[in-house]
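A short worksheet on the structure shown next.
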2 protein chains.
Amino acid sequence: MVADSDMSDSQSARALAPRRHGEILRRLAADGTVSITELAVHFDVSRQTIRRDLKQLADRGQLELVHGGATLFEPTEAAFTERRGENAAAKASIGRAAAALVRDGMVVFLDSGTTTLAVAHALADRKDLTICTTSLSIALQMCRQPQVRVHMLGGEIDPAEEAAVGIDALEAISHFRVDVAFLGGGGLSPDGDVTDFTRNGAEQRSRMVATAGKAYFVLDSSKFGRLTPLRIPRFELAAGVIVDRRPQEAICEALKRKGPAVIVAE
Amino acid sequence: MVADSDMSDSQSARALAPRRHGEILRRLAADGTVSITELAVHFDVSRQTIRRDLKQLADRGQLELVHGGATLFEPTEAAFTERRGENAAAKASIGRAAAALVRDGMVVFLDSGTTTLAVAHALADRKDLTICTTSLSIALQMCRQPQVRVHMLGGEIDPAEEAAVGIDALEAISHFRVDVAFLGGGGLSPDGDVTDFTRNGAEQRSRMVATAGKAYFVLDSSKFGRLTPLRIPRFELAAGVIVDRRPQEAICEALKRKGPAVIVAE
DNA sequence: CCATTTATGTTGCATAATGTAACTATTATT
DNA sequence: AATAATAGTTACATTATGCAACATAAATGG
């Protein structure tokens, strides 16, 4: 005789409400916004259910409802999402490609910048990572992830980058042993150099290239051929350059000669 | 008919209660949630049994029951985001009182916490300030202000505070000469001590009290009489305690004896 | 052997969560 | 401004879960 009234209800484990809540908040922390329709599809529940979830979270003050979804009500993240608009798809794909190079348990350095931020997003549901960063936004977002340790490299904050620069940050870098570093850059010059806007930035990235087990530059295609004043010293020690589409042939060849691999996302 | 007492039936199926408990807790630690239906299937026992298991574990304080399963109860989870809402008016008035003590050109240290965040808000339109802070949110906010320099004290990020703690932050403090520091605290004990939750926090604040030209503790009235485990050493060197209403007479007198002034906002 | 305890299964009903549908409001498009 | 498309609301149906009471079966102890 089979027992069926209470036992094995033929039902494939609908997610628990707290599970949904957890993931909703994680997505929110990562992206700044969530959409009801997307979430409903993702969890395979009705939109009404998601609405009820969001209502609860909103009542607890964890998010703010907006038409079609919810946002963080932190002014901090808002500005962020705005800036991110350009090339968002390209950056997201670079982020995924970069995240594929990271295994659980690693120590990861994330530079400041919107492209490295995309890497942080792509690492959102990883477990057991240690993140080192100079970026305030990245630190704030990643520290909300469970099972992720975050080290903020301190120093004077550059308002344009919203990240620490200067001597303190430079020095702090040397304290860490990082497995893999993802660095931004101002441009990818026609002769295959990654260049930067400021002396401090270039020096900081240079040190990280030299220190990290593997260093990758993440650069979206808007940077191709762009010239900024400072070459990043020792750039050729980097393991690779992650881009959203293949750069001009001349650049590729120059890179090949120097050493770093060209990794085209997606 | 069958010998079954020794018959190791299909691996995890039909485990003893303590075995189930062990695995339940392991799963909980890994995923943050467990579902009754899933566990019942996994152990091949009835849902009622799992419910009884969870009830026991909940009675022992090892998890928190929710509809359909259980979660680990996270005191930190929403702590920061929730706390922000509480006592907002009181904190704002404390913020204004604190800001009144700051003159343009000063070097100001802002501790982590929601009350110090209110101080940051109150300083929003000041010119020519230098802000030092361990708080990610404060750094992010203040660096968007024109004519404000921000120094972020780096270190490991405590997710509950969303601020740097630990040895790096401690050390970084000593590099600065600050005119005025605004510090948070866990509680204001009946005998007029400001106390803290963690050793690191207490030490960090203690150093700041000793280092800063003037140090003020900002405490909303919910902290009055509250006991937290660690006294902040050298607290009596602080210039004052800024509160939103006058504390109990005993506390006021104890404070007077020790030295710090009591400043009631508004 | 029986009585007792302990763990588990079963059942029925109360409660809570989710789904559905009809209708209204908002946003986007022309 | 009119329209279509998308999202929000409300009310109610459906399903899943919680709970308590009782049933069953093995273990325990005399």
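Labels below follow one simple rule: chain letters A, B, ... track the order of the sequence lines, proteins then strands, and each chain is numbered from 1. Side-chain atoms are counted along with the backbone in the values below, which use heavy atoms only and exclude waters and symmetry mates. From a predicted model like this one, the values you see are computed outputs, not experimental measurements.
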- Apply side chain to side chain donor-acceptor pair (under 3.5 Å) to A:Ser46 and list each qualifying residue two or more places apart in sequence or on a separate chain.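 If we apply the side chain to side chain donor-acceptor pair (under 3.5 Å) test to A:Ser46, skipping adjacent residues, the hits are A:Thr49.
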- Those residues that, when tested against B:Asp53, pass side chain to side chain donor-acceptor pair (under 3.5 Å) (two or more places apart):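 Residues passing side chain to side chain donor-acceptor pair (under 3.5 Å) with B:Asp53: B:Arg20, B:His21.
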Of all residues at least two apart in sequence or in a different chain, which pass the side-chain contact (heavy atoms from CB on, under 4.5 Å) check with [X]?
| X | answer |
| --- | --- |
| B:Gln147 | B:Lys127 |
| A:Thr228 | A:Thr195, A:Phe197, A:Arg226 |
| B:His67 | none |

- Message: Strictly by salt bridge (Lys or Arg N to Asp or Glu O under 4.0 Å), give each pair with a member in residues 114-124 of chain B just once, sequence neighbours left out.
- Response: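 Counting only pairs at least two positions apart or across chains, no salt bridge (Lys or Arg N to Asp or Glu O under 4.0 Å) contact touches residues 114-124 of chain B.
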Interatomic distance where [atom1] belongs to [X] and [atom2] belongs to [N] [whole Å]:
| X | N | atom1 | atom2 | result |
| --- | --- | --- | --- | --- |
| A:Leu65 | C:dT27 | CG | C1' | 17 Å |
| B:Ile50 | D:dG18 | CD1 | P | 12 Å |
| A:Leu16 | D:dT17 | CG | P | 9 Å |
| A:Arg19 | C:dT18 | CZ | P | 13 Å |
| B:Glu64 | D:dG18 | CD | P | 14 Å |

With a 3.5 Å cut-off and sequence neighbours excluded, list the donor-acceptor pairs that the side chains of residues 94-112 of chain A form with protein atoms.
residue  : atom : partner  : partner atom : Å
A:Arg96  : NH2  : A:Glu266 : OE1          : 3.1
A:Asp111 : OD1  : A:Arg205 : NH2          : 3.4
A:Asp111 : OD2  : A:Gly184 : N            : 3.0
A:Asp111 : OD2  : A:Arg205 : NE           : 2.4
A:Asp111 : OD2  : A:Arg205 : NH2          : 3.0
A:Ser112 : OG   : A:Glu161 : OE1          : 2.7

- May I ask you to evaluate whether A:Ser46 reaches the phosphate of C:dT20, defined as a side-chain N or O under 4.0 Å from OP1 or OP2?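 A:Ser46 to C:dT20 OP1/OP2: no side-chain N or O under 4.0 Å.
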- Message: Please list, in numerical order, the residues of residues 52-59 of chain B that have a heavy atom closer than 4.0 Å to any atom of DNA chain C.
- Response: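 Residues of residues 52-59 of chain B under 4.0 Å from DNA chain C: B:Arg52.
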- Query: Under 4.0 Å between a Lys/Arg side-chain N and an Asp/Glu carboxylate O for B:Glu64 and B:Lys55?
  - Reply: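 No, B:Glu64 and B:Lys55 are not salt-bridged.
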- Looking at B:Glu23 and B:Arg19, does any basic side-chain N land under 4.0 Å from a carboxylate oxygen?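 Not counted as a salt bridge, because no side-chain N and carboxylate O are separated by less than 4.0 Å.
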- Query: Under the salt bridge (Lys or Arg N to Asp or Glu O under 4.0 Å) test, which residues partner B:Glu156, sequence neighbours left out?
  - Reply: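 Per chain and number, B:Glu156 pairs via salt bridge (Lys or Arg N to Asp or Glu O under 4.0 Å) with no residue.
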- Can you list the residues that meet the salt bridge (Lys or Arg N to Asp or Glu O under 4.0 Å) rule with A:Asp179, with sequence neighbours excluded?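 A:Asp179: salt bridge (Lys or Arg N to Asp or Glu O under 4.0 Å) contacts with A:Arg177.
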- Could you give the angle between the helix axes at the two ends of the helix from C:dC1-D:dG30 to C:dT30-D:dA1, with five pairs per end, rounded to 10 degrees?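 Overall, the helix from C:dC1-D:dG30 to C:dT30-D:dA1 bends by 30° from one end axis to the other.
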N/O-N/O pairs, protein side and nucleotides 7-9 of chain D side, under 3.5 Å:
residue : atom : partner : partner atom : Å
D:dA7   : OP2  : A:Thr37 : OG1          : 3.4
D:dA7   : O4'  : A:His67 : NE2          : 3.2
D:dA7   : O3'  : A:Gly68 : N            : 3.1
D:dG8   : OP1  : A:Gly68 : N            : 2.9
D:dG8   : OP2  : A:Arg51 : NE           : 2.9
D:dG8   : OP2  : A:Arg51 : NH2          : 3.1

